[in-house]
Amino acid sequence: MSAALKPVHGGASPPPRHFLELMDHDGPTLRRMLDLAVRAKRGEITQRPLAGKTVALIFEKPSTRTRVSFEVGVRQLGGEVVVLSGADSQLGRGESPADTARVLSRYVDAIMLRTSSVAKLRELAAHATVPVINGLTEVSHPCQLMADVLTFEEHRGPIAGQVVAWTGDGNNVAQSFIQAAARFRFTLRIATPAELAPPAEVLDWARAEGATVELFRDPAEAVRGARCVVTDTWVSMSDETPDAATTNRHNLLAPFQLNAALLRHAAPDAVVMHCLPAHRGEEITDEVMDGPQSVVFDEAENRLHAQKGVLLWALAERG
Ligand code: CP
Ligand code: NVA
């Protein structure tokens, strides 16, 4: 090896643009990503800004939307993807996230990770010299929220100042809604059983940021007058437990079902959202999911566009 020959990847300068949590970015930066998403959706990104770039997509948990929308989105922007599952990579056999990050940073231009361990995501990001994107953890799902804000605004205009109601489990998506309330300046009302309320830390953070986030035990009270009503599965991937515990969650959450009777308490033009996959007949009824107020499939489509905004910001728009 000649003295001058050395690895191309000599360290990150400036630091990579990670997309780990909404709270990591200010409102204008998130708005910039959404603006890019809108431009991508309108077909205004005509060149191939990710040409010559490769994104690694790592799934330690199942996925339909995240996997397909990232893969298609990267390709449409001119880039390539490598898809890995936890089971068929060394990460799944105990290679550290730090070493995985150091290695993948030599091969690819960005890494998306879906995992049930936010600690793993953070370790990966701390050691990667390329952008790391959160594709869902047990405590957050920021890509979903970018799509959700885009969807609300397409249907009902600016989300700032609006009332959004969540009914059901105070899960990872709910926690990202709390972060979004702070960053996009909407009021968030969350109805959950006491045992399944979102953690105090994220609520405290949002309130310290000036957000209005209110907790309820009665879903009808939370939903009253809301312009958007949201729910999600009663058993998230990181909560899959033995049958008895699942039965207990179902019993606790049954009164929080998003059904026609509950939706009648919302504003007459409220939209209904769900990140999907839905468990029809559990957290949401067929009548609501397939009803005129439901925008769930627009929301699913917008994962593609919103993530293009994130990718363009992280990879193609370095200032
Ligand atoms: N909403 C969402 O993230 O769906 P997938 O689990 O199918 O990726
Ligand atoms: N809360 C759900 C979201 C799936 C996209 C889960 O974590 O399983």
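Atom set for the values below is all heavy atoms of this structure, side chains included, hydrogens, waters and symmetry mates excluded.
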If we ignore hydrogens and angles and just use 3.5 Å, is the side chain of [X] paired with the main-chain N or O of [Y] as donor and acceptor?
X      : Y      : answer
Gln179 : Leu22  : yes
Glu299 : His274 : yes
Ser176 : His141 : yes
Ser294 : Met289 : yes
Asp88  : Ser85  : yes
Thr233 : Val235 : yes
Thr115 : Ser117 : yes

Legend entry - Whether His25 and Phe19 hold their rings parallel, tilted or perpendicular, with breakpoints at 30° and 60°: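 Because their plane-to-plane angle is under 30°, the rings of His25 and Phe19 count as parallel.
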Is [Y] close to [X] at the side-chain level, that is, under 4.5 Å between some pair of heavy atoms?
X      : Y      : value
Ile133 : Val310 : yes
Met112 : Thr66  : yes
Phe70  : Val55  : no
Glu21  : Arg122 : yes
Leu136 : Met237 : yes

Inset, instruction - Show the numbers, then the answer: is there a side chain to side chain donor-acceptor pair (under 3.5 Å) between Asp148 and Thr151? - result: CA-CA 5 Å; Asp148 291 0; Thr151 306; 5.2 Å; no
Legend entry - Option among Val164, Ile178, Val230, Thr167 that satisfies the side-chain contact (heavy atoms from CB on, under 4.5 Å) test with Ile190: Ile178
Hey, can you pull the donor-acceptor pairs under 3.5 Å for the side chains in residues 254-273, sequence neighbours left out?
from, atom 1, to, atom 2, distance (Å)
Gln257, OE1, Asn259, ND2, 3.1
Gln257, NE2, Gly281, O, 3.3
Gln257, NE2, Glu282, O, 2.9
Asn259, OD1, Ala261, N, 3.3
Asn259, OD1, Leu262, N, 2.9
Asp269, OD1, Arg227, NE, 3.0
Asp269, OD2, Arg227, NE, 3.3
Asp269, OD2, Arg227, NH2, 2.6

Inset, instruction - May I ask you to check whether Arg280 and Thr285 show a side-chain donor-acceptor distance below 3.5 Å? - result: no
Legend entry - Donor on one side chain, acceptor on other, Gln175 and Asn171, under 3.5 Å: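 On atom types as modelled, these side chains do not qualify, holding no pair under 3.5 Å.
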Legend entry - Over 12 foreign heavy atoms within 6.0 Å of CZ, Arg67: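 Open.
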Inset, instruction - Tell me, yes or no, whether the heavy-atom count around Glu80 atom CD, taken from other residues, nucleotides or ligands under 6.0 Å, exceeds 12. - result: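 No - once you tally the heavy atoms of other residues, nucleotides and ligands closer than 6.0 Å, there are 12 at most.
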Inset, instruction - Kindly give the heavy-atom pair with the smallest separation between Leu20 and Ala125, and that separation in Å. - result: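 Shortest heavy-atom separation between Leu20 and Ala125 comes out as CD1-CB, 3.6 Å.
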Legend entry - Contact summary for Arg17 and Pro131, nearest pair of heavy atoms: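 What the structure gives for the nearest pair is O-CB, 3.2 Å.
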Inset, instruction - Evaluate the criterion side chain to side chain donor-acceptor pair (under 3.5 Å) for residue pair His305 and Glu301; output intermediate values, then yes/no. - result: CA-CA 7 Å; His305 309 298; Glu301 178 189 328; 2.7 Å; yes
Legend entry - Interatomic spacing from CZ in Arg183 to CD1 in Ile159 - rounded to 0.5 Å: 15.0 Å
Legend entry - Pairing residues for Glu287 by the salt bridge (Lys or Arg N to Asp or Glu O under 4.0 Å) criterion, not counting sequence neighbours: none
